[in-house]
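Encoded as structure tokens, the structure appears first; notes follow it.
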Amino acid sequence: MFYLSLLFATVVWGLNVIIDKQALKTGHPIEVNFITTMTTAIVVSIYFSLAKKNGLQFAYSPQTVVLSVLNGVLIPTSFVVYLYALSKGEISTVVMATATYPIIAILFAVFAFNESVSASQWLGILCTVFGIFLVMK
């Protein structure tokens with residue numbers, strides 16, 4: 001089920017770029033973000049209601065709330081910037097540039113949380129950066 005979940009998310013994210021690019025042909029990035037966010041709020045509300053109905057308990061710890069609110073500000077803000085870039089650039093360039101986010105996450109994990117990264121993982125990161133550079137050229 002784990003790998004099926006990863007496959008599903010990856011396919012949906014890939015399709016999402018195509019859908020966004022098409023929406024941006026007739027809509028402004030802020031408009032597309034607004035409609036997407038409102039739709040997301042409805043879908044997440046349904047998921048939340050179903051989870052509560054099935055007995056899932058939520059604790060709402062202060063740390064969870066603060067970090068979730070921070071994400072609630074950062075994600076739609078970055079999405080508008082991404083949509084603007086997508087409206088002006090080619091899909092291949094925009095997607096490859098934004099595909100570097102795992103590298104940022106890994107660097108933060110290493111330096112902020114002292115997580116370890118093996119030599120082969122560092123090599124993979126370097127290969128990824130080089131590959132992205134080649135595709136963007």
In short, Val80 meets Pro29 closest at the heavy-atom pair O-CB, 4.0 Å
Thr40 side, atom OG1; Ile75 side, atom CD1 - distance, nearest 0.5 Å
10.5 Å
Pairwise distance OH(Tyr84) to CG(Leu24) - rounded to 0.5 angstrom:
11.5 Å
Which atom pair, heavy atoms only, marks the closest approach of Ile35 to Thr39?
O-OG1, 2.8 Å
Between Ile103 and Trp122, is there a shared hydrophobic cluster once you connect ILVMFWY residues whose side-chain heavy atoms come closer than 4.5 Å?
yes
Side chain to side chain contact (heavy atoms under 4.5 Å, CB included) between Thr100 and Val129: does it pass, once the steps are laid out?
CA-CA 7 Å; Thr100 61; Val129 170; 5.9 Å; no
Could you list the residues that satisfy side chain to side chain donor-acceptor pair (under 3.5 Å) with Ser120, not counting sequence neighbours?
Ser118
Could you measure the distance from the OG atom of Ser87 to the NZ atom of Lys21? Nearest 0.5 Å is fine.
7.0 Å
Nearest heavy-atom pair of Thr10 and Leu6: which atoms, and what distance?
OG1-O, 2.7 Å
CZ (Phe79) with more than 12 external heavy atoms under 6.0 Å
yes
Count the heavy atoms belonging to other residues, nucleotides or ligands that lie under 6.0 Å from CG of Asn114, then report whether that count exceeds 12.
no
Above 12 or not: heavy atoms from other molecules or residues under 6.0 Å from CD of Gln121?
yes
Non-hydrogen atoms of Asn71 and Pro76 that approach each other most closely
O-CD, 3.9 Å
With the 4.5 Å side-chain cut-off for hydrophobic clustering, are Tyr101 and Ile132 part of the same group?
no
Once you round to the nearest 0.5 Å, how far does CG of Asn33 lie from CD of Glu31?
11.0 Å
Reported OG1-to-CG distance for the pair Thr36 and Leu83, which is rounded to 0.5 angstrom:
7.0 Å
Can you hop from Val95 to Ile18 via hydrophobic side chains spaced under 4.5 Å?
yes
If hydrophobic residues (ILVMFWY) are linked whenever their side-chain heavy atoms come closer than 4.5 Å, directly or via other members, who joins Val65 in its cluster?
Phe48, Leu56, Phe58, Tyr60, Val69
Return the set of residues passing side chain to side chain donor-acceptor pair (under 3.5 Å) with Ser45 (not counting sequence neighbours), or none when no residue passes.
none
Main chain of Phe34, side chain of Thr37: is a donor-acceptor contact present, judged purely on distance under 3.5 Å?
no
Could you give the distance from OH (Tyr82) to CG (Asp20), rounded to the nearest 0.5 Å?
4.5 Å
Are Ile19 and Val17 connected, step by step, through hydrophobic side chains (Ile, Leu, Val, Met, Phe, Trp, Tyr) whose heavy atoms are closer than 4.5 Å?
no
